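Counting convention: from 1, in listed order, for ligands and their atoms alike. Just so you know, these numbers come straight off a predicted model, no measurement behind them. Note: hydrogens, waters and symmetry copies are ignored here, and every other heavy atom, side chains too, is used.
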Amino acid sequence: MVSRVIPVDPFDLVIFGGTGDLARRKILPGLFRRFCAGQMPDAARIIGAARSDMDTDAYRQMVSDAIDEFGGDLAKECDARDAFLKLIGYIAIDARGETGWADLQEAMKGKGRVEAYYFSVSPALFGDLAERLQQWGMADEDARIVVEKPFGRDLETARDLNATLAAYFDEHQIYRIDHYLGKETVQNLMAVRFGNMLFEPLWNSQYVDHIQITVAETVGVGGRGEYYDKSGAMRDMVQNHLMQLLCLIAMEPPARFDPDAVRDEKLKVIRALDPVESYEIVRGQYQAVPMEESEHPGYRTAVGDAKSRTESFLALKTHISNWRWAGTPFYLRTGKRMSARSSEITVVFKDTPHSIFAEDAGRHRNVLSIRLQPNEGITLGVTIKEPGPGGMRLIDVPLDMTFADALGEDGADHVDAYERLIMDVIRGNQTLFMRGDEVEAAWAWTDPIIEGWELRHDVPKPYDSGSDGPTDAFELMRRDGRDWREVSP
Ligand code: NAD
């Protein structure tokens with residue numbers, strides 16, 4: 001099945017931090033792939049803006065190298081590279097000084113088309129960039145800014161950042177990226193929930209036993225140790241990515257599929273979250289496995305702090321206090337150096353009220369599993385009779401909708417989250433971006449949890465690299481008579 005590509009209007013995109021890791025790994029190769037797919041017009045312009053002093057040719061070479069390294073198969077097969085590179089310019093700029101701003105102003109002068117400014121730099125520079133864009137007359141009403149995570153490190157800093165950006169831009173001009181929202185399956189989650197009659201009537205505490213969300217990574221902190229150690233799994237993953245997934249799975253049907261209707265409903269979910277008690281949360285920190293220490297150092301070695309109390313793993317149980325979900329627990333889990341890379345949302349339905357089958361036929365539950373990575377897709381476990389003459393025995397089989405199988409080679413997993421989100425910025429569609437009040441509400445929920453750890457000098461439980469977290473995380477489920485889904489690649 002060939003997906004339909006609707007070209008966007010011509011635009012100017014300035015990437016502040018255009019030489020950085022994120023620009024090279026995601027933004028630039030993603031733009032090239034959209035160009036190859038015919039979605040980006042020839043009249044578009046991309047301007048890298050960063051501190052390094054280099055000319056346009058050198059920057060184009062850097063972009064071309066990034067495409068080779070990170071562009072994937074579509075980029076390799078595409079012969080439009082020269083045409084794409086022609087759209088690219090570069091301006092050496094200092095976010096905190098005067099260098100480069102006059103050149104950028106000249107480059108962006110009045111063409112009356114979409115102007116997007118991607119802040120792919122440290123959040124410490126967001127305010128400087130916003131201020132300078134205004135000073136140099138570029139913060140007009142056609143302008144959009146895209147800001148990367150982290151958006152604050154607590155409620156206070158997030159409020160400050162929102163206030164700083166609001167001083168120069170209206171909310172409808174601010175695109176706060178959470179790349180989890182750009183994933184195909186995440187949008188499919190909304191399509192499945194609100195486009196089918198089948199699920200929505202069952203989507204509540206009367207029929208759903210519990211919901212689990214797992215985002216497991218096999219990588220450790222790698223070269224980001226210094227940043228990560230100040231952050232931890234709660235700030236780096238739960239407050240944003242897992243929270244957004246929780247919102248989409250739990251929200252009420254919005255009246256329309258438009259940015260504010262969707263974001264209003266997500267906000268209500270966050271505001272209805274119960275505070276988490278200390279016994280409902282397990283923090284972990286990975287440790288090296290003997291003999292593998294040099295290849296895979298433990299967390300404390302990786303961050304260079306033998307006493308670090310930052311968590312690289314988190315499992316928690318929470319409730320949403322509203323009519324739909326009262327009584328249905330939500331279990332969230334995320335961690336680094338786990339056994340497999342896997343992101344999955346699982347909706348476990350309740351037992352049938354009465355079984356007509358003999359005890360030894362087995363008792364089974366419907367499980368809807370929404371897989372974000374790898375192998376994006378949705379599976380519904382249904383109970384059938386085990387084939388053959390062995391009497392009435394029940395087994396679970398999956399109704400499988402792995403997108404690569406269902407949609408073929410051109411299926412959804414070929415569009416990376418960043419590509420989709422950047423095209424949404426150009427289209428002016430904020431549905432998949434976080435609104436300022438959502439981000440603040442999420443921090444308002446996480447702040448007391450983090451403050452509790454700090455007050456108690458909480459030390460995370462060690463877990464072996466390559467395992468699925470401390471034993472206490474399994475206990476968290478078992479004492480409720482439940483189990484985590486296996487983390488499978
Ligand atoms: P990086 O350190 O690799 O790159 C930083 C970029 O900012 C460089 O291009 C540098 O020239 C530019 N820069 C620094 N100081 C500047 C100044 N004073 N004026 C102008 N430009 C300046 O960082 P990164 O990893 O690309 O991350 C960029 C942003 O994206 C950060 O907010 C980060 O938290 C976020 N982010 C990164 C990733 C990732 O995978 N790298 C993932 C999610 C979010």
**Q.** Option set Ile15, Asp236, Thr99, Asp21, criterion heavy-atom distance to atom 3 (O) of ligand 1, minimum
**A.** Asp21

Q. Do the charged groups of Glu344 and Arg485 touch, with an N to O distance under 4.0 Å?
A. yes

Q. Taking 4.0 angstrom as the limit, do Asp468 and Arg333 come out as a salt bridge?
A. no

(Q) List ligand 1 atoms under 4.0 Å from Ala50, heavy atoms only on the residue side. (A) 9 (O), 11 (O), 21 (N)

(Q) I need the atoms of ligand 1 closer than 4.0 Å to a non-hydrogen atom of Pro123, numbered in the order shown. (A) 32 (O)

(Q) Please compare Glu148, Arg25, Lys149 and report which has the shortest non-hydrogen distance to atom 33 (C) of ligand 1. (A) Lys149

Q: Compute both the distance and the angle, then confirm whether Arg81 meets the cation-pi test with Phe32: under 6.0 Å from the six-membered ring centre, within 45 degrees of the axis.
A: yes

Q | Contact (N/O only, under 3.5 Å) between Phe126 and ligand 1 | A | no

**Q.** Ring centre gap for Trp136 and Tyr168 strictly below 6.0 Å
**A.** no

Q. Mind checking whether Arg51 has an N or O less than 3.5 Å away from an N or O of ligand 1?
A. yes

Q. Can you name the nearest heavy-atom pair linking Met434 to Ile177, along with the distance?
A. CE-O, 3.8 Å

Q: Measure across Ile6 and Arg427 and return the closest heavy-atom pair with its distance rounded to 0.1 Å.
A: O-NH2, 4.3 Å

Q. Taking both backbone and side-chain atoms of Gly20, is any N or O found less than 3.5 Å from an N or O belonging to ligand 1?
A. yes

**Q.** Option nearest atom 8 (C) of ligand 1 (shortest heavy-atom distance, choices Leu129, Leu22, Thr19, Val121)
**A.** Thr19

Q: Give yes if a backbone or side-chain nitrogen or oxygen of Ser52 is under 3.5 Å from a nitrogen or oxygen of ligand 1, and no if not.
A: no

Q: Considering only NZ, NE, NH1 and NH2 on the basic side and carboxylate oxygens on the acidic side, decide whether Asp236 and Arg224 come within less than 4.0 Å.
A: yes

